[in-house]
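In what follows, a structure is listed as C-alpha coordinates, so that the remarks can point back to it.
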Amino acid sequence: MDLNTITEVVRPRTRAELPAWKAGDAWLAGGTWLFSEPQAQLSRLIDLGELAWPPLTISEDGLSIAATCSVAELDALSCPADWIAAPLIDQCCRAFLASFKIWKTATVGGNLCMSLPAGPMISLLAALEGICTIWKNDGTEQRIAVTNFVTGNNSNVLAPGDLLRQIDIPLTALKRRAAFRQIALSPVGRSGALLIGTQGRDGDLLLTVTGATVKPLQLRFGTIPDEAALRASILSDIPDALYHDDVHGKPAWRKAMTLRLAEEIRAELAGIRP
(Lines give C-alpha, C1' and ligand atoms only; values in the text may rest on other atoms or scores of the structure.)
Protein backbone atom coordinates (compact mmCIF):
# COMPACT_ATOMS: atom_id res chain seq x y z
CA MET A 1 0.00 0.00 0.00
CA ASP A 2 1.43 3.37 -1.03
CA LEU A 3 1.25 5.98 1.74
CA ASN A 4 0.69 9.04 -0.40
CA THR A 5 0.49 11.50 2.50
CA ILE A 6 4.07 10.86 3.68
CA THR A 7 6.31 13.84 2.93
CA GLU A 8 9.37 12.91 5.02
CA VAL A 9 11.22 9.83 6.28
CA VAL A 10 13.71 10.34 9.13
CA ARG A 11 16.40 7.77 9.91
CA PRO A 12 17.97 8.48 13.32
CA ARG A 13 21.03 6.48 14.39
CA THR A 14 20.93 7.23 18.14
CA ARG A 15 18.31 8.18 20.70
CA ALA A 16 19.70 11.73 20.66
CA GLU A 17 18.88 11.96 16.96
CA LEU A 18 15.21 11.04 17.42
CA PRO A 19 13.21 14.04 16.19
CA ALA A 20 10.72 15.87 18.37
CA TRP A 21 7.40 14.05 18.05
CA LYS A 22 4.60 15.86 16.28
CA ALA A 23 1.13 15.12 15.00
CA GLY A 24 1.29 12.99 11.87
CA ASP A 25 4.35 11.00 12.98
CA ALA A 26 4.64 7.22 13.13
CA TRP A 27 7.42 4.83 14.08
CA LEU A 28 8.48 2.49 11.27
CA ALA A 29 9.97 -0.89 12.14
CA GLY A 30 8.73 -3.87 10.09
CA GLY A 31 5.84 -1.90 8.62
CA THR A 32 3.73 -4.99 7.89
CA TRP A 33 0.64 -3.36 9.37
CA LEU A 34 1.61 0.24 8.61
CA PHE A 35 1.74 -0.43 4.86
CA SER A 36 -1.29 -2.71 4.84
CA GLU A 37 -3.94 0.02 4.70
CA PRO A 38 -4.23 3.77 4.09
CA GLN A 39 -2.75 6.00 6.80
CA ALA A 40 -4.20 9.35 5.78
CA GLN A 41 -3.41 10.89 9.17
CA LEU A 42 0.36 10.40 8.75
CA SER A 43 2.87 12.77 7.17
CA ARG A 44 6.24 11.59 8.55
CA LEU A 45 7.81 8.19 9.25
CA ILE A 46 10.62 7.73 11.76
CA ASP A 47 12.52 4.67 10.54
CA LEU A 48 14.04 2.69 13.43
CA GLY A 49 16.25 0.50 11.24
CA GLU A 50 19.34 2.71 11.44
CA LEU A 51 19.35 2.47 15.24
CA ALA A 52 20.81 -1.01 14.64
CA TRP A 53 19.72 -2.53 17.93
CA PRO A 54 21.09 -6.08 18.40
CA PRO A 55 17.98 -8.21 17.86
CA LEU A 56 18.71 -10.77 20.58
CA THR A 57 21.13 -10.70 23.50
CA ILE A 58 21.71 -13.67 25.81
CA SER A 59 23.23 -12.84 29.19
CA GLU A 60 23.49 -14.32 32.67
CA ASP A 61 20.24 -12.51 33.46
CA GLY A 62 18.23 -14.05 30.61
CA LEU A 63 17.23 -12.87 27.14
CA SER A 64 16.86 -9.33 25.84
CA ILE A 65 14.74 -8.91 22.71
CA ALA A 66 14.96 -5.65 20.77
CA ALA A 67 11.60 -4.25 19.71
CA THR A 68 12.91 -4.32 16.13
CA CYS A 69 13.81 -8.03 16.27
CA SER A 70 11.95 -9.85 13.50
CA VAL A 71 9.83 -12.92 14.12
CA ALA A 72 12.19 -14.92 11.90
CA GLU A 73 15.21 -13.84 13.94
CA LEU A 74 13.52 -14.83 17.18
CA ASP A 75 12.44 -18.20 15.77
CA ALA A 76 16.01 -18.93 14.64
CA LEU A 77 17.50 -18.31 18.08
CA SER A 78 19.63 -21.18 19.39
CA CYS A 79 18.76 -21.35 23.08
CA PRO A 80 20.85 -22.83 25.91
CA ALA A 81 19.91 -26.41 26.78
CA ASP A 82 18.66 -25.49 30.25
CA TRP A 83 16.07 -23.06 28.87
CA ILE A 84 13.37 -25.69 28.99
CA ALA A 85 10.66 -23.12 28.22
CA ALA A 86 12.32 -22.35 24.86
CA PRO A 87 9.87 -24.48 22.80
CA LEU A 88 7.31 -21.75 23.51
CA ILE A 89 9.21 -19.53 21.07
CA ASP A 90 8.61 -21.92 18.19
CA GLN A 91 5.00 -22.53 19.21
CA CYS A 92 4.12 -18.85 19.48
CA CYS A 93 5.90 -17.91 16.25
CA ARG A 94 3.81 -20.53 14.47
CA ALA A 95 0.64 -19.16 16.03
CA PHE A 96 0.96 -16.19 13.63
CA LEU A 97 -1.55 -16.01 10.81
CA ALA A 98 1.25 -14.94 8.45
CA SER A 99 3.46 -16.04 5.57
CA PHE A 100 7.23 -16.51 5.70
CA LYS A 101 7.57 -13.09 4.05
CA ILE A 102 5.80 -11.47 6.99
CA TRP A 103 7.98 -13.46 9.41
CA LYS A 104 11.10 -11.89 7.93
CA THR A 105 9.73 -8.37 8.25
CA ALA A 106 7.26 -8.23 11.14
CA THR A 107 8.84 -7.34 14.46
CA VAL A 108 8.32 -8.67 17.96
CA GLY A 109 7.80 -5.13 19.24
CA GLY A 110 5.36 -4.33 16.48
CA ASN A 111 3.14 -7.26 17.42
CA LEU A 112 3.25 -6.17 21.06
CA CYS A 113 2.48 -2.54 20.22
CA MET A 114 -0.48 -3.49 18.01
CA SER A 115 -1.88 -5.00 21.22
CA LEU A 116 -4.42 -7.24 19.52
CA PRO A 117 -5.87 -10.11 21.59
CA ALA A 118 -4.51 -12.74 19.17
CA GLY A 119 -0.97 -11.32 19.08
CA PRO A 120 1.22 -14.40 19.72
CA MET A 121 4.25 -12.36 20.75
CA ILE A 122 2.08 -10.92 23.51
CA SER A 123 1.29 -14.49 24.59
CA LEU A 124 4.95 -15.50 24.57
CA LEU A 125 6.32 -12.42 26.31
CA ALA A 126 3.60 -12.37 28.95
CA ALA A 127 4.00 -16.07 29.76
CA LEU A 128 7.78 -15.64 30.09
CA GLU A 129 7.24 -12.73 32.49
CA GLY A 130 8.73 -10.17 30.11
CA ILE A 131 9.53 -6.62 31.17
CA CYS A 132 9.26 -3.81 28.61
CA THR A 133 11.64 -0.87 28.47
CA ILE A 134 9.95 2.23 27.06
CA TRP A 135 11.80 5.31 25.90
CA LYS A 136 9.44 8.04 27.02
CA ASN A 137 8.85 11.09 24.87
CA ASP A 138 10.19 13.31 27.69
CA GLY A 139 13.60 11.60 27.62
CA THR A 140 13.08 9.27 30.58
CA GLU A 141 12.67 5.49 30.64
CA GLN A 142 9.89 3.30 31.99
CA ARG A 143 9.96 -0.42 32.77
CA ILE A 144 6.66 -2.25 32.87
CA ALA A 145 5.53 -5.87 32.75
CA VAL A 146 4.09 -7.07 29.43
CA THR A 147 0.87 -7.99 31.25
CA ASN A 148 0.48 -4.33 32.22
CA PHE A 149 1.75 -2.91 28.91
CA VAL A 150 -1.30 -4.14 26.99
CA THR A 151 -4.44 -2.53 28.41
CA GLY A 152 -7.12 -3.74 25.99
CA ASN A 153 -7.99 -4.59 22.40
CA ASN A 154 -5.57 -2.49 20.29
CA SER A 155 -4.61 -0.33 23.29
CA ASN A 156 -1.56 -0.05 25.53
CA VAL A 157 0.30 2.33 27.84
CA LEU A 158 2.30 4.11 25.11
CA ALA A 159 1.67 7.84 24.92
CA PRO A 160 2.34 9.79 21.69
CA GLY A 161 6.08 9.83 21.07
CA ASP A 162 6.84 6.94 23.42
CA LEU A 163 8.96 4.16 21.89
CA LEU A 164 9.21 0.52 22.94
CA ARG A 165 12.95 -0.22 23.12
CA GLN A 166 13.19 -3.85 24.26
CA ILE A 167 11.67 -6.70 26.24
CA ASP A 168 13.73 -8.52 28.84
CA ILE A 169 12.95 -12.15 29.74
CA PRO A 170 14.33 -13.26 33.13
CA LEU A 171 16.42 -16.42 33.26
CA THR A 172 14.14 -17.94 35.90
CA ALA A 173 11.18 -17.82 33.49
CA LEU A 174 13.18 -19.50 30.72
CA LYS A 175 14.00 -22.41 33.05
CA ARG A 176 10.39 -23.21 33.92
CA ARG A 177 8.46 -26.17 32.51
CA ALA A 178 5.83 -25.03 30.04
CA ALA A 179 2.63 -26.23 28.40
CA PHE A 180 1.04 -24.55 25.38
CA ARG A 181 -2.53 -24.69 24.06
CA GLN A 182 -4.12 -22.80 21.17
CA ILE A 183 -7.44 -23.05 19.37
CA ALA A 184 -9.06 -21.25 16.43
CA LEU A 185 -12.36 -21.58 14.62
CA SER A 186 -10.58 -22.73 11.45
CA PRO A 187 -7.30 -24.57 10.79
CA VAL A 188 -5.51 -21.39 9.67
CA GLY A 189 -7.64 -18.92 11.61
CA ARG A 190 -6.70 -16.29 14.13
CA SER A 191 -6.33 -17.60 17.68
CA GLY A 192 -9.60 -17.68 19.57
CA ALA A 193 -7.77 -18.66 22.74
CA LEU A 194 -4.08 -19.14 23.47
CA LEU A 195 -3.09 -20.29 26.94
CA ILE A 196 0.34 -21.03 28.38
CA GLY A 197 1.14 -22.58 31.73
CA THR A 198 4.59 -22.56 33.33
CA GLN A 199 5.80 -24.36 36.42
CA GLY A 200 8.86 -23.76 38.56
CA ARG A 201 10.91 -26.22 40.57
CA ASP A 202 8.85 -25.51 43.68
CA GLY A 203 5.73 -26.78 41.90
CA ASP A 204 3.92 -23.47 41.44
CA LEU A 205 1.75 -22.69 38.41
CA LEU A 206 1.56 -19.51 36.36
CA LEU A 207 -1.32 -19.60 33.86
CA THR A 208 -1.34 -16.94 31.14
CA VAL A 209 -4.59 -16.38 29.24
CA THR A 210 -4.45 -14.57 25.89
CA GLY A 211 -6.38 -14.67 22.62
CA ALA A 212 -9.65 -15.24 24.46
CA THR A 213 -9.40 -11.99 26.42
CA VAL A 214 -8.91 -8.39 25.33
CA LYS A 215 -5.66 -8.21 27.31
CA PRO A 216 -3.28 -10.80 28.77
CA LEU A 217 -4.33 -12.11 32.16
CA GLN A 218 -2.38 -14.26 34.59
CA LEU A 219 -3.40 -16.55 37.43
CA ARG A 220 -0.78 -17.67 39.97
CA PHE A 221 -1.00 -20.70 42.21
CA GLY A 222 1.49 -21.76 44.88
CA THR A 223 0.98 -25.39 43.88
CA ILE A 224 -0.83 -27.14 41.05
CA PRO A 225 -4.53 -26.72 41.90
CA ASP A 226 -7.09 -29.43 41.42
CA GLU A 227 -9.54 -29.17 38.55
CA ALA A 228 -12.30 -27.59 40.63
CA ALA A 229 -10.01 -24.96 42.14
CA LEU A 230 -8.62 -23.99 38.73
CA ARG A 231 -12.09 -23.66 37.26
CA ALA A 232 -13.31 -21.60 40.21
CA SER A 233 -10.33 -19.27 39.92
CA ILE A 234 -10.89 -18.65 36.22
CA LEU A 235 -14.60 -18.01 36.75
CA SER A 236 -13.98 -15.57 39.59
CA ASP A 237 -10.85 -13.78 38.35
CA ILE A 238 -11.67 -13.29 34.66
CA PRO A 239 -14.81 -11.14 34.29
CA ASP A 240 -17.08 -12.00 31.38
CA ALA A 241 -16.61 -8.46 30.07
CA LEU A 242 -12.94 -9.20 29.32
CA TYR A 243 -13.65 -12.02 26.86
CA HIS A 244 -13.14 -10.75 23.33
CA ASP A 245 -16.01 -10.59 20.84
CA ASP A 246 -15.38 -10.63 17.09
CA VAL A 247 -15.80 -12.84 14.03
CA HIS A 248 -13.05 -15.14 15.29
CA GLY A 249 -15.03 -16.21 18.34
CA LYS A 250 -17.87 -15.16 20.59
CA PRO A 251 -17.25 -14.53 24.31
CA ALA A 252 -19.14 -17.61 25.49
CA TRP A 253 -17.08 -19.87 23.22
CA ARG A 254 -13.82 -18.19 24.22
CA LYS A 255 -14.70 -18.63 27.88
CA ALA A 256 -15.50 -22.31 27.37
CA MET A 257 -12.23 -22.83 25.50
CA THR A 258 -10.30 -21.04 28.24
CA LEU A 259 -11.71 -23.44 30.82
CA ARG A 260 -11.01 -26.44 28.61
CA LEU A 261 -7.46 -25.51 27.63
CA ALA A 262 -6.56 -24.45 31.16
CA GLU A 263 -7.54 -27.88 32.46
CA GLU A 264 -5.46 -29.56 29.74
CA ILE A 265 -2.46 -27.45 30.80
CA ARG A 266 -3.03 -28.22 34.48
CA ALA A 267 -3.20 -31.93 33.79
CA GLU A 268 -0.07 -31.89 31.62
CA LEU A 269 2.03 -30.04 34.18
CA ALA A 270 0.65 -32.23 36.96
CA GLY A 271 1.72 -35.31 35.02
CA ILE A 272 -1.82 -36.61 34.60
CA ARG A 273 -2.20 -38.76 31.49
CA PRO A 274 -5.34 -38.08 29.43
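For Arg201, there are no side-chain contact (heavy atoms from CB on, under 4.5 Å) partners at least two apart in sequence or on another chain. By the ring pair (Phe, Tyr, Trp, His ring centres under 6.0 Å) test, Trp21 pairs with Trp27, sequence neighbours left out. For the ring pair (Phe, Tyr, Trp, His ring centres under 6.0 Å) test, residues two or more places apart in sequence or in another chain that qualify with Trp135 are Trp53. For the salt bridge (charged side-chain N to carboxylate O under 4.0 Å, His left out) test, residues two or more places apart in sequence or in another chain that qualify with Glu141 are Arg15. For Asp61, the salt bridge (charged side-chain N to carboxylate O under 4.0 Å, His left out) test picks out no residue, with sequence neighbours left out.
For the residue pair Asp168 / Ser64, a side-chain donor-acceptor distance below 3.5 Å is found, with atom types taken as modelled. Thr133 and Arg165 share no side-chain donor-acceptor pair at under 3.5 Å.
Note that the CG atom of Asp204 and the CD1 atom of Ile224 stand 8.0 Å from one another [nearest 0.5 Å]. With rounding to the nearest 0.5 angstrom, the CZ atom of Arg13 is 5.5 Å from the CD atom of Glu50. For the atom pair CD (Gln41) and OG1 (Thr5), the distance works out to 7.5 Å, reported to the nearest 0.5 Å. Trp83 contributes atom CH2, which lies 13.0 Å from atom CG of Leu88 (distance to the nearest 0.5 angstrom). To the nearest 0.5 Å, atoms CG (Leu48) and CG (Leu163) are separated by 5.5 Å. Between Arg94 atom CZ and Phe180 atom CZ the span is 11.0 Å, to the nearest 0.5 Å.
A distance-only check finds a donor-acceptor pair linking the side chain of Arg254 to the backbone of Gly249 [under 3.5 Å]. The closest donor-acceptor contact from the side chain of Asn148 to the backbone of Ile144 lies at 3.5 Å or more, if one exists at all. Distance alone, capped at 3.5 Å, places no donor-acceptor pair between the Asp47 side chain and the Arg11 backbone. Side chain of Thr140 to main chain of Lys136: no donor-acceptor pair is present (N/O by atom type, distance under 3.5 Å, no hydrogens or angles).
Taking the charged nitrogens against the carboxylate oxygens, Arg176 and Asp202 have no contact shorter than 4.0 Å, which rules out a salt bridge. Using a 4.0 Å cut-off between charged nitrogen and carboxylate oxygen, Glu264 and Arg260 count as a salt-bridge pair. Classification of Asp226 and Arg266 as a salt-bridged pair fails, no side-chain N sitting under 4.0 Å from a carboxylate O. Using a cutoff of 4.0 Å between basic side-chain nitrogens and carboxylate oxygens, Lys255 and Asp240 are scored as salt-bridged. Using a 4.0 Å cut-off between charged side-chain N and carboxylate O, Arg181 and Glu268 make a salt bridge.
Counting heavy atoms from C-beta on, the side chains of Arg231 and Leu259 come closer than 4.5 Å.
Other residues sharing a hydrophobic cluster with Ile102 under the 4.5 Å side-chain heavy-atom criterion for ILVMFWY residues do not exist; the residue is a singleton.
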